[in-house]
Amino acid sequence: MQVYLPIAQISVDVFVLLAMGAAVGFLSSLFGVGGGFLITPLLIFIGIPPPVAVATQINQVVGASVSGTVAHWRRGNIDFKMGLVLMVGTILGSTAGVNLFAMLKRAGQIDLVIVLLYIVFLGGIGSLMLAESLRALLRRRRAPGARFKLHQHTWLHGLPLKMRFRKSRLYISALLPLGLGFITGILIAMMGVGGGFFLVPSKIYLLGMPTAIAVGTSLFQTIFVAAYSTLLQSIETQTVDILLAIVLLVGGLLGTQVGARIGPKLQGDQLRILLALLIVGVWVKLVFDVTATPADVYSLDVLMGPS
Amino acid sequence: MRRLTAAAVVLAIALALWPRGAGADYLVADLSKRRIDITLGFAGAEVLLFGATDTGGDVVVVVRGPNQKVVVRHKDRLGGIWVNREWMQFNNVPNFYYVASSRPLEVIASQPTFAGIEVGLKNLRMTPGDSSQGADADSFRAALVRVKQHEGLYATGSGQVNFIGGRLFRTTVSFPATVEPGPYTVEVFLLRKGNVESAQRWPLFITKVGVSASVFERAHEDPALYGLVAVAIAVMAGWLGAAGLWKV
């Protein structure tokens, strides 16, 4: 069944959109990532103009994060204090990111910079996660029931401004979550994603938060960041397609249900391996995209307004 | 109102009595619609063009729509990565361009004749604008047409104008779902012995109506409120999803 999207100005199959929404809902409830890093390329692939894809999917992330947050809240997986500190950093970071974006756009290479950023971040995080979770899995096989240290102590834990995060069982410098939030903010502004794919692994591996708490807190924080971005996009670019968002959201509701039922049955290690595989998969595709010979070396860019 | 009608009648009579211009009446044609509505269910549209000539000849139909500025970019391999390097801007690029004819164009008339009336992909007057240093206009122009053809927005071959009984003709123009809303023109040319004998031209409007129109309007006229509504819908949908989980 075809539906015409008023802002994207193209008609697409509702069921394709529903399926895509469901995939994102599934991912977000399982991993605490918005899924923007997957859905944006997919939307572009089915013909949605890139600016509309980016702006609309961030709107959908709001909904996905709300349902994910509620579910995790009931299980007590949200560290509100940590979330707030991260949010301060994120808002500062996204302000800086917007300026950086404008600068690169003037230089004419923003698209490539975005893809390269993805490649660096996804590649780094994905391989780290995969290696670590495989190691953890093997270790557990060898010594069942043994306890391990929650996290390793490094120079990062020697920074000033120490703060206690009870839920996360951490006593660390507030500069760490602030800095992490700042980097996430830059990524959000530059790449048009919720930033969960970067934030969740960083919380687990850099800060040493328990996986479930990292996921829940990330979802909680993403609500506000995504809502802020949606508002900004609506005002600045008018590229948020409400109709597209609604269809994706409905699909998302279905996906969340499935994810929330499967999630508790999986263990932290397994979840991390799955997320790592997903990230590595996207990374491989991105690397292929920028290095493989394009079907046509020419591309068109329609400038706004009539000539 | 009555006075206006009277004026129209007088005008019609005057036109009928006027000495015939350069073959104005050799060709009579019309469109099945002058306006295409883009509704929520829009998945492309078809317009029927039909008409009659006095004694045959060849008919060429041209449909084109909103002119745009387009930047064509060329990728180059740089250290293993494909990067946009050279570029060239073109003005007056129709977003949609379609040609149908009763016989292949090259049989109907010569190239200069078609260039004069902007018929055929080769004869589109797209004017090159700014560009990067040393960009070759011809290859960029060819690339633009090629990409547009690939997107289904430029007619690839000559479409078919069918004659019925030697004098009546008809053709169907299909617009894809990706068609840009805006003003279009439909032109019909009657050619004989390689010359344009007669021509007719209509405006055709493709506009959003109903829900899709009002969504678009709100987004542009009241963007802050639109954004808030978008966020509210998302929050509500998310909440509903979570509430659904609560029960199971």
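Letters A, B, ... mirror the listed sequences (proteins, then strands); counts begin at 1. Atoms considered below: every heavy atom in the structure, side chains included; atoms not considered: hydrogens, waters and symmetry mates. Quantities reported herein were computed from a predicted structural model and do not represent experimental measurements.
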| query | Most heavy-atom pairs under 4.5 angstrom with chain A, which of Val71(B), Val70(B), Ile38(B)? | reply | Val71(B)

| query | Under a 4.5 Å heavy-atom cut-off, does chain B meet the side chain of Thr293(A), its backbone, both or neither? | reply | both

| field | Among Thr69(A), Leu254(A), Val240(A), residue most engaged with chain B (heavy-atom pairs, under 4.5 Å) | value | Val240(A)

| How long is the span from the CG atom in Asn84(B) to the OG atom in Ser299(A), to the nearest 0.5 Å? | 5.0 Å

| query | Is atom CZ of Arg125(B) surrounded by more than 12 heavy atoms (other residues, nucleotides or ligands) closer than 6.0 Å? | reply | yes

| request: Against chain A, work out which of Arg218(B), Glu151(B), Met236(B), Lys208(B) has the most heavy-atom pairs shorter than 4.5 Å and name it. | output: Lys208(B)

| query | Which heavy atom in Val72(B) sits nearest to a heavy atom in Tyr298(A), and how many Å separate them? | reply | CG1-CD2, 3.8 Å

| said: Taking the side chain as everything from C-beta on, heavy atoms only, tell me whether Val83(B) gets closer than 4.5 Å to Val290(A). | reply: no

| Donor-acceptor pair, side chain of Ser11(A) and main chain of Phe42(B), under 3.5 angstrom | yes

| field | Selection from Ile246(A), Thr291(A), Val250(A) maximising heavy-atom pairs under 4.5 Å formed with chain B | value | Thr291(A)

| Under a 4.5 Å heavy-atom cut-off, does chain A meet the side chain of Thr39(B), its backbone, both or neither? | backbone

| field | Engaged part of Ala55(A) at the chain B interface, taking heavy atoms whose separation is under 4.5 Å | value | neither

| Counting heavy-atom pairs under 4.5 Å to chain A, which of Leu40(B), Val211(B), Thr178(B), Leu225(B) comes out on top? | Leu40(B)

| message | So for Arg77(B), is it side chain, backbone, both, or neither that comes closer than 4.5 Å to the heavy atoms of chain A? | response | side chain

| query | Could you state the interatomic distance from CD1 (Ile233(B)) to CD (Gln60(A)), rounded to the nearest 0.5 Å? | reply | 13.0 Å

| query | For Glu86(B), is it the side chain, the backbone, both, or neither that has a heavy atom closer than 4.5 Å to a heavy atom of chain A? | reply | neither

| message | I need the residue from Glu180(B), Gln89(B), Arg146(B), Lys148(B) with the largest number of non-hydrogen atom pairs under 4.5 Å to chain A. | response | Arg146(B)

| Considering all heavy atoms, the nearest Ser234(A)-Tyr226(B) contact | OG-CD2, 4.1 Å

| Within a reach of under 6.0 Å around NZ of Lys33(B), are more than 12 heavy atoms found that belong to other residues, nucleotides or ligands? | yes

| query | Does any heavy atom of chain B fall under 4.5 Å from the side chain of Leu249(A), the backbone, both, or neither of them? | reply | side chain

| query | To the nearest 0.5 Å, what is the distance between CZ (Phe90(B)) and CG (Leu300(A))? | reply | 10.0 Å

| query | For the residue pair Gly227(B) and Leu231(A), what are the closest heavy atoms and their distance? | reply | C-CD1, 3.5 Å

| Is there a side-chain contact between Asp296(A) and His150(B), using heavy atoms and a 4.5 Å cut-off? | no

| note | Turns out that what part of Ile235(A) lies under 4.5 Å from chain B's heavy atoms comes down to both

| task | Tell me, yes or no, whether the heavy-atom count around Trp82(B) atom CH2, taken from other residues, nucleotides or ligands under 6.0 Å, exceeds 12. | result | yes

| task | Heavy atoms only, distances under 4.5 angstrom: which of Ile7(A), Asn59(A), Ile10(A) has the most pairs with chain B? Name it, please. | result | Asn59(A)

| note | For Gln238(A) and Ala219(B), the nearest pair of non-hydrogen atoms, with its separation, is CG-O, 3.0 Å

| Minimal non-hydrogen separation, Trp239(B) against Val66(A), with atom names | N-CG1, 3.7 Å

| For the residue pair Pro6(A) and Phe216(B), what are the closest heavy atoms and their distance? | O-CD1, 3.6 Å

| Which region of Ala245(A), side chain (C-beta onward) or backbone (N, CA, C, O), has a non-hydrogen atom less than 4.5 Å from a non-hydrogen atom of chain B, or is it both or neither? | neither

